[in-house]
Amino acid sequence: MDILSITGAAYIVAALLFILSLAGLSTHASAKNGLTYGMTGMAVALAATVAATVDASDGLDDRALVIGLLVAAVVIGAVIGLWRARIVEMTGMPELIAALHSFVGLAAVLIGVNGHLEGSHYAMDSLNNIHEAEVSIGIFIGAVTFTGSIVANLKLSAKMNSAPLMLPGKNLINVGSLVAFAILTVVYVAVEEGTGQDIILAVLTILALALGWHLVASIGGGDMPVVVSMLNSYSGWAAAASGFLLGNDLLIVTGALVGSSGAYLSYIMCKAMNRSFISLIAGGFGIAAPAGEDKDYGEHREIQADAVAELLSGASTVVITPGYGMAVARRRTRSPT
Amino acid sequence: MLIGIPRESKPGETLVAATAKTVSQLTNLGYDVVVEAGAGNAADQPDSAFVDAGVRVGTSEEVWAADVVVKVNAPSAEEIGRLRPGATIVSMMAPGRSPELLEQLQGAGVTALAMDAVPRISRAQSMDVLSSMANVAGYRAVVESAHEFGRMFTGQVTAAGKIPPARVFVVGAGVAGLAAIGAASAMGAIVRAFDVRPEVAEQVESMGAQFVEVDFESEVSSDGYAKEMTAEQEAATATMYDEEARAADIVITTALIPGRPAPKLLSAETVAGMKNGSVIVDMAAANGGNAAGTVTDQKVVTDNGVTILGYTDLAGRLAAQTSQLYGTNIVNLLKLLTPEKDGVLTLDFDDVVQRGITVVDGRDGEAAQITWPPPAVQVSAAPAAAPVAAAPAKEQKAPMSAGAKVGLVLGAIGLFWLVNALAPTDDLRRHFTVLMLSIVIGYYVIGKVAHALHTPLMSVTNAISGVVVVGALVQVASDDKLIVGLSAAAILLASINIFGGFAVTRRMLAMFSKGA
């Protein structure tokens with residue numbers, strides 16, 4: 001039983017715990033257990049990987065530095081994360097989550113860059129090409145997630161105009177970026193190492209960053225909760241792409257779990273808000289600014305507070321629909337208290 | 001100012017413009033009130049009740065000499081002559097149909113406020129007498145019809161056999177129609193109703209009736225009243241009226257078009273085709289009636305045994321409550337006209353309600369002006385005609401057909417097969433297997449997520465996606481300083497995500513527990 005088989009087994013355990021965690025989070029009764037499963041799974045994954053890393057660093061010149069950095073990064077990250085989570089207002093939750101997504105996206109970009117720097121040393125050419133493609137895809141998804149999440153965060157925290165950005169030919173921009181990405185990837189894979197790959201990758205990264213920004217900027221502030229969920233899904237795919245890059249099944253499993261559940265959750269939320277899912281993932285594709293309300297919503301009646309009180313006191317059943325007004329107004333607002 | 005409440009001069013009128021309850025509300029507004037002796041007798045408001053309410057009971061002369069005279073029916077020529085120049089008269093006047101009345105009022109130099117000219121806007125609902133009286137009348141119409149109808153309304157299954165429920169057809173779902181629907185369905189009848197305004201279907205159904213559909217495009221009313229139909233629509237509806245009336249035991253018609261005679265909806269043939277013993281209550285009798293054979297204020301029995309009631313005093317047949325409602329409408333109006341509560345009536349023509357009800361402006365005494373009709377007031381939320389160009393764009397979102405869905409899924413699976421078939425190593429295929437299974441699991445585990453848990457779920461998946469740290473951890477063990485640095489940065493970022501995500505989810509979930 002060597003360290004690799006131990007970590008491999010631990011990864012399966014962690015993946016299982018993550019599945020249980022997501023399943024648990026779907027009902028109130030099991031939500032707390034689900035959270036516990038998730039934290040345990042993460043602890044298992046972290047412990048196993050750290051152990052593997054410590055093992056792998058055996059024989060490195062500056063092993064102490066690497067391990068020291070590793071521990072310091074985790075501790076600092078934990079402190080920042082816990083601190084932000086503790087002080088955030090409940091109404092500020094979505095923007096915090098959006099900010100957290102951006103970290104995952106950036107981490108995925110960094111991992112991709114590392115993958116590029118390490119290079120690939122397979123015997124087969126095709127495998128080297130696949131490695132390069134994985135680097136490119138991982139960076140692309142990570143970068144889109146990164147800037148997209150930042151924009152979502154800015155829009156949610158009202159630091160940026162929440163109205164959808166309406167660039168002329170924005171659909172063309174989105175589609176064009178995807179095509180450009182495909183071309184750049186092919187070129188990146190095709191050219192030999194050391195012949196301008198760095199530059200291609202840099203262009204690709206900038207393109208992805210710009211696309212992420214534009215995608216989310218094109219969506220109105222009212223749809224941001226769905227966008228955050230969608231970015232969550234993207235961050236999962238980013239992790240899955242990293243998994244392919246590193247040949248790490250845990251990353252693939254977890255990334256795909258998060259990716260598909262996030263996509264489905266976004267879909268449910270879109271349904272609930274009566275929005276088109278396709279339009280959203282495509283960054284406001286085809287969403288003309290809600291054109292003048294040309295639909296007849298029937299008669300409306302105004303009513304004063306005392307009349308409402310009278311109605312309520314005479315009612316046999318009262319249904320309170322929290323959030324209905326918000327949904328109607330398509331925005332979140334902070335309560336005055 | 002002094003408000004006079006005269007006794008109604010119209011023969012058989014039971015209503016009074018104020019009750020003991022409303023006069024005390026008027027005195028609270030700062031007015032002095034004098035009620036003519038015997039004014040409220042027919043509405044269960046004896047003089048003693050007014051005296052107990054703290055107002056004076058006086059003679060006819062005293063009442064008509066008041067600054068403000070409030071009554072139910074339009075004043076007669078003789079009554080107008082008794083008004084003081086500069087005084088204000090408040091009553092129902094039907095200004096659209098009685099131009100000579102307005103001229104007489106103008107000649108008398110008085111200000112005339114028509115209670116039946118209140119614009120039908122939400123704010124003015126509390127003073128809309130047509131609504132409050134129509135409501136009572138609609139109820140009473142059902143009671144009158146039940147009285148004439150020789151059978152029970154409710155269906156029953158008894159040991160002695162089955163009694164079918166009465167079928168009631170209500171035409172016009174205005175205030176009166178809706179009240180009739182409510183009363184009839186409360187008595188157990190099967191109620192069907194029709195209105196030319198399709199937007200009231202919901203209201204009809206909420207009152208317990210079935211809305212009768214007719215296939216034609218109809219316009220949304222913009223002023224709160226029904227419009228007369230076009231010839232084309234009329235043909236379609238005429239057939240419907242005929243069928244519905246023949247099937248019904250009781251027909252209650254309430255169709256009125258302001259300023260015009262009531263539309264003839266039930267033809268002589270239709271009435272002749274109705275069942276023996278059935279009843280028509282024609283609530284539009286005052287304006288000529290909706291049914292052929294209606295005689296205003298009369299009960300008529302046709303040759304085939306159909307009873308047609310043309311009563312116009314349905315509201316007056318519930319005198320106490322109608323007077324109370326009318327009186328409350330008056331109080332609400334005077335509240336509006338007495339913003340200072342100092343007993344001084346002031347008119348503000350910038351207010352659409354006050355402008356709307358003022359049919360003669362006699363504030364200048366001799367130079368009184370007829371101010372009818374007022375500018376139109378829009379009440380419906382219906383949009384002004386939408387630009388036609390916008391319409392086609394709305395059509396495009398047809399749901400995907402089942403075949404297209406199957407095709408899409410098969411296509412995706414086929415693509416997946418191709419990718420795997422082209423994968424150079426088994427390792428890669430294994431990764432794809434894992435990926436695919438995980439996607440499916442991810443989709444199914446959250447299939448039934450509770451709505452309130454969307455955000456916590458998002459937050460926990462976010463924390464879990466921090467697992468990308470594993471990748472960075474694997475990479476950090478490197479000789480390349482740059483890679484170590486970048487990996488450390490990635491570890492830091494992912495750690496923020498992991499710890500922050502879980503902690504924030506924990507906080508959220510804590511809010512769901514009791515007492516949090």
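Worth saying up front: this structure is predicted, and the values here are computed from it rather than measured. When reading the values below, keep in mind they use all heavy atoms of this one structure, side chains included, and skip hydrogens, waters and symmetry mates. Here is the naming used below: chain letters follow the sequence lines, and residue numbers restart at 1 for every chain.
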For the student: nearest non-hydrogen atoms of A:A107 and B:V468, plus distance: CB-CG1, 4.0 Å
Step-by-step side-chain contact (heavy atoms from CB on, under 4.5 Å) determination, B:F499 to A:I80: CA-CA 8 Å; B:F499 288 93; A:I80 296 176; over 6 Å; no
Between A:G81, A:S26, A:G247, A:S233, the one whose heavy-atom pairs under 4.5 Å with chain B are most numerous: A:S26
Engaged part of A:M39 at the chain B interface, taking heavy atoms whose separation is under 4.5 Å: both
B:L493 side chain near A:L110 side chain, heavy-atom distance below 4.5 Å: yes
Chain B contact via A:L17 - side chain, backbone, both or neither, heavy atoms under 4.5 Å: neither
Residue pair A:A256 / B:I439: nearest heavy atoms and the distance that separates them: CB-CG1, 3.8 Å
Atom pair CG/CD1 of B:L473 and A:I111 - distance to nearest 0.5 Å: 8.5 Å
Gap separating the NE2 atom of A:H28 from the CG atom of B:L509, nearest 0.5 angstrom: 8.5 Å
Intermediate values then yes/no, side-chain contact (heavy atoms from CB on, under 4.5 Å), A:L25 and B:M458: CA-CA 9 Å; A:L25 255 290; B:M458 210 196 309; over 6 Å; no
Among A:V104, A:N248, A:V109, residue most engaged with chain B (heavy-atom pairs, under 4.5 Å): A:V104
Proximity breakdown for B:M508 and chain A, heavy-atom pairs closer than 4.5 Å: both
Side-chain donor or acceptor of B:R507 paired with backbone N/O of A:A85 under 3.5 Å: yes
Which portion of A:V228 sits near chain B, non-hydrogen atoms under 4.5 angstrom: both
Contact class of A:I67 relative to chain B, heavy atoms under 4.5 angstrom: neither
Interatomic spacing from CG in B:L435 to CH2 in A:W237 - rounded to 0.5 Å: 6.0 Å
Part of A:L96 lying under 4.5 Å from any heavy atom of chain B: side chain
Partner chain A: residue of B:V460, B:V476, B:I464 with the largest heavy-atom pair count (under 4.5 Å): B:I464
Minimal non-hydrogen separation, A:A78 against B:S495, with atom names: N-CB, 4.1 Å
Which atoms of A:A240 approach chain B - backbone, side chain, both or neither, heavy atom under 4.5 Å: side chain
For A:I97 against B:S459, the heavy-atom pair lying closest together: CD1-CB, 3.4 Å
Contact origin within A:Y267 toward chain B - heavy atom pairs under 4.5 Å: neither
Contact winner vs chain B - A:L69, A:V88, A:I76, heavy-atom pairs under 4.5 Å: A:V88
Spacing of B:S465 atom OG and A:N232 atom CG [to the nearest 0.5 Å]: 5.5 Å
Trace of the side-chain contact (heavy atoms from CB on, under 4.5 Å) decision for A:D249 with B:R430: CA-CA 9 Å; A:D249 274 345; B:R430 205 191 75 224; 2.9 Å; yes
B:H431 vs A:L251 side-chain heavy atoms within contact, under 4.5 Å: no
CD (B:E205) with more than 12 external heavy atoms under 6.0 Å: yes
Choice from A:V79, A:V74, A:L82 maximising heavy atom contacts with chain B below 4.5 Å: A:V74
Residue, of B:V504, B:V434, B:N462, B:V440, that accumulates the most heavy atom pairs under 4.5 Å with chain A: B:N462
Which atoms of A:N114 approach chain B - backbone, side chain, both or neither, heavy atom under 4.5 Å: both
Option that, when pairs with chain A are counted at under 4.5 Å, heavy atom only, ranks first among B:I498, B:V469, B:V470, B:V484: B:V470
Contacts of A:T27 that satisfy side-chain hydrogen bond (donor to acceptor under 3.5 Å, both in side chains) - sequence neighbours left out: A:S30
Engaged part of A:S229 at the chain B interface, taking heavy atoms whose separation is under 4.5 Å: both
Interatomic distance, B:F502 atom CZ to A:T36 atom OG1 [nearest 0.5 angstrom]: 10.0 Å
Winner by heavy-atom pair count (cut-off under 4.5 Å) against chain A, out of B:I441, B:V467, B:I491: B:V467
Rounded distance [0.5 Å steps], OH in B:Y444 versus OG in A:S261: 14.5 Å
Option that, when pairs with chain B are counted at under 4.5 Å, heavy atom only, ranks first among A:H101, A:M42, A:R84, A:R86: A:M42
Partner chain B: residue of A:V113, A:V54, A:L70, A:L20 with the largest heavy-atom pair count (under 4.5 Å): A:L70
side-chain contact (heavy atoms from CB on, under 4.5 Å) evaluation trace for A:L246 with B:Q475: CA-CA 9 Å; A:L246 300 169; B:Q475 289 176 328; 3.6 Å; yes
For B:D351, all residues meeting salt bridge (Lys or Arg N to Asp or Glu O under 4.0 Å), sequence neighbours excluded: B:R123
